[in-house]
Each structure stands twice: as structure tokens, then as C-alpha cells.
Number of protein chains: 2
Amino acid sequence: MGRIKLKIQRLEIMKARQAKYLKRKRGILKKAKELSILFDVEVVLLLSSTFTKPTFFCWSRPREGLYNGGMSRYPVLN
Amino acid sequence: MGRIKLKIQRLEIMKARQAKYLKRKRGILKKAKELSILFDVEVVLLLSSTFTKPTFFCWSRPREGLYNGGMSRYPVLN
DNA sequence: TGGCCTATGTTTAGTCG
DNA sequence: CCGACTAAACATAGGCC
């Protein structure tokens with residue numbers, strides 16, 4: 001993919017790191033969204049890096065008897 | 001991607017649904033793993049569908065002073 | 001930082017075994 | 001279900017601004 005195949009190992013060059021991360025983050029977020037829509041799958045995706053703000057994606061099916069589509073306002077342990 | 005462009009909308013044909021889901025699930029899991037390795041990013045990915053078992057992927061950086069690489073044995077609210 | 005570009009590597013729809 | 005195959009669509013590395 002791209003001009004050169006990128007070997008899957010930790011990227012140490014910080015300059016390139018952030019730009020690449022942004023591109024790939026967008027890519028996986030798009031995939032997650034497509035998956036949730038295509039297959040009606042509930043998806044939770046959390047990405048936490050040391051160099052940018054964390055990213056959170058969450059999609060859930062609507063549930064009967066719930067006002068907000070089943071999304072909890074606060075985290076719940078059952 | 002593939003022979004025919006798949007419009008991103010809910011798939012109703014159950015026969016094709018499961019096979020396609022499996023392929024795409026593998027795809028996004030690979031992406032998640034690559035992301036975590038390349039950028040040293042902590043990743044949580046949870047997929048829950050009505051027609052197969054849920055899938056959970058979690059990767060975290062090792063932390064000093066913790067035995068098991070920072071993975072909580074039980075869910076924790078802070 | 002982040003958008004745009006393009007060449008090239010990757011993913012996947014459809015099919016068969 | 002699983003794996004393999006192919007062609008077409010997609011994602012992205014590197015570069016430029």
C-alpha cells in the first residue's frame with residue numbers, strides 16, 4: 001500500500017509517525033463504521049496513543065424501551 | 001473492493017451476510033493489530049453481532065510496576 | 001497540522017472446491 | 001464452515017504545499 005511496503009514494526013521516526021498514524025486511524029475508523037452499518041454489528045473502538053488525544057468510536061443497535069439507542073450515559077458494570 | 005462495489009448499507013441477505021462479515025472482521029482485526037504495533041497505540045476493539053460470537057481485541061503498552069503488562073484482571077472504573 | 005496527489009500494495013466480493 | 005483464487009475497489013507511503 002502506498003509507495004513502499006511498510007514493515008509492521010514499531011515506528012521510531014517521530015516525524016513520519018504522527019502523519020502515518022492519522023492516516024491509518026482514519027482508515028480503521030472508516031472500516032469500523034462500515035462494519036457496523038453493513039452487518040448491524042455493535043462496535044467499540046478505543047485508540048490511545050501517547051502523542052495525540054485518544055479516539056473513541058462506539059455504535060450500538062437501538063433497543064426497545066430505551067430512550068437513547070442503548071448508549072449508557074455512564075459506564076456500567078453488570 | 002472485490003468484484004462489485006458494495007454500497008454501505010445494512011445487509012439483509014443473511015446467507016451472504018455472515019461470510020462477508022467474517023472477511024471484514026478479519027480485515028479490521030489485522031488493521032487494529034498493525035496500528036498497535038506500528039504506533040505503539042493502545043487498542044480496544046469489541047465487535048458484537050447477533051449472529052456470531054462477540055470478538056474482543058485488546059492491546060496495551062507494558063507499564064512499570066505492573067506484573068501483567070497493564071491489563072486489568074477485572075474491569076475498573078476510575 | 002492537515003489536505004491533496006499518485007503509484008502501488010492491500011482488502012474483499014463473488015465463486016469454486 | 002474453511003481455504004484458495006481473481007479482479008476490482010480501496011488504503012496508504014511518500015511527497016508537496
Side-chain angles (χ1 to χ4, degrees), chain A residues 1-64 68-72 75 78, chain B residues 1-64 69-71 75 78:
Chain A
M1 206 177 303
R3 300 302 175 84
I4 278 186
K5 181 182 169 69
L6 189 62
K7 199 179 168 194
I8 300 301
Q9 56 186 12
R10 183 170 168 172
L11 277 175
E12 299 293 352
I13 304 156
M14 295 307 287
K15 191 177 168 186
R17 189 182 162 101
Q18 201 152 342
K20 285 201 187 65
Y21 177 58
L22 180 67
K23 287 185 178 184
R24 277 179 175 259
K25 192 174 69 172
R26 284 194 184 139
I28 202 170
L29 279 170
K30 188 181 175 192
K31 290 279 185 192
K33 194 165 201 170
E34 290 181 354
L35 206 71
S36 69
I37 297 171
L38 279 170
F39 305 104
D40 200 25
V41 168
E42 303 193 323
V43 175
V44 175
L45 179 60
L46 173 64
L47 304 173
S48 176
S49 63
T50 54
F51 51 90
T52 59
K53 288 192 297 184
T55 300
F56 181 64
F57 174 75
C58 179
W59 186 87
S60 92
R61 269 175 268 110
R63 278 161 169 75
E64 293 181 28
N68 58 357
M71 307 287 281
S72 298
N78 49 5
Chain B
M1 211 175 302
R3 301 305 176 81
I4 278 186
K5 181 184 171 68
L6 189 62
K7 199 179 169 192
I8 301 301
Q9 56 185 12
R10 183 170 169 172
L11 277 175
E12 298 293 353
I13 304 156
M14 296 307 287
K15 190 177 169 186
R17 188 183 163 104
Q18 201 154 342
K20 285 200 188 67
Y21 176 59
L22 182 66
K23 285 186 178 186
R24 278 179 173 258
K25 192 174 68 173
R26 282 191 186 144
I28 202 169
L29 279 170
K30 187 181 176 191
K31 291 281 184 190
K33 195 165 200 170
E34 289 181 354
L35 206 72
S36 70
I37 296 171
L38 279 169
F39 304 104
D40 200 25
V41 169
E42 304 193 323
V43 175
V44 175
L45 178 60
L46 173 64
L47 303 173
S48 176
S49 64
T50 54
F51 50 91
T52 59
K53 288 193 296 184
T55 299
F56 182 64
F57 173 76
C58 179
W59 186 87
S60 91
R61 269 175 269 111
R63 277 160 170 75
E64 294 181 27
M71 307 287 283
N78 50 5

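Numbered from 1 within each chain, the chains take letters A, B, ... in sequence-line order. Every value quoted in this text rests on a predicted model; they were computed, and no experiment measured them. The figures that follow rest on heavy atoms only: side chains count, while hydrogens, waters and symmetry mates do not.
The NZ atom of K23(A) sits 12.0 Å away from the CE atom of M1(A) when rounded to the nearest 0.5 Å. Between atom CZ of residue F57(A) and atom CG of residue L46(A) there is a gap of 13.0 Å, rounded to the nearest 0.5 Å. Within the model, atoms CG of D40(B) and CZ of R17(A) stand 5.5 Å from one another, a figure rounded to the nearest 0.5 Å. One distance of note links CG of L47(B) with OG1 of T52(B); it measures 8.5 Å at 0.5 Å rounding.
Between the CG atom of L6(B) and the P atom of dC10(D) there is a distance of 10 Å, given to the nearest Å. What separates CG of L38(A) from P of dG14(C) is a distance of 11 Å, to the nearest Å. As rounded to whole Å, 14 Å separates atom C1' of dG14(C) from atom CZ of R24(B). Taking atom OH on Y21(A) and atom C1' on dA11(D), their separation rounds to 17 Å, with Å as the unit. Whole-Å rounding puts the K25(B) NZ to dC1(D) C1' distance at 13 Å. Rounded to an integer number of Å, the gap from K20(A) NZ to dG15(D) C1' is 11 Å. Atoms CD1 (I28(B)) and C1' (dT10(C)) sit 15 Å apart, rounded to a whole Å. Here dT12(D) presents its P atom at 5 Å from CE of M1(A), a figure rounded to the nearest Å.
DNA chain C is contacted by both K31(A) and F51(A); F51(A) maps to the nucleotide lying nearer its 5′ end (nearest heavy atom per residue). Residues Q18(A) and E34(B) each lie close to DNA chain C; by heavy-atom proximity, the contact nearer the 5' end of the strand is made by Q18(A). If you find the closest nucleotide of DNA chain D to A19(B) and to A19(A), the one lying nearer the 5' end belongs to A19(B).
With a 6.0 Å radius and a threshold of 12 heavy atoms from other residues, nucleotides or ligands, K25(A) has its NZ atom above the threshold.
Between R26(A) and dG2(C) there is no side-chain N or O to OP1 or OP2 distance below 4.0 Å.
In this structure, K23(B) reaches the bases: a heavy-atom distance under 4.0 Å links it to at least one base atom across the strands shown.
A donor-acceptor contact under 3.5 angstrom links the side-chain atoms of R3(A) to the base of dT6(C).
Between dC2(D), dG9(C), dG2(C), one nucleotide has an atom nearer to the side chain of K5(A) than all others, and that is dG9(C).
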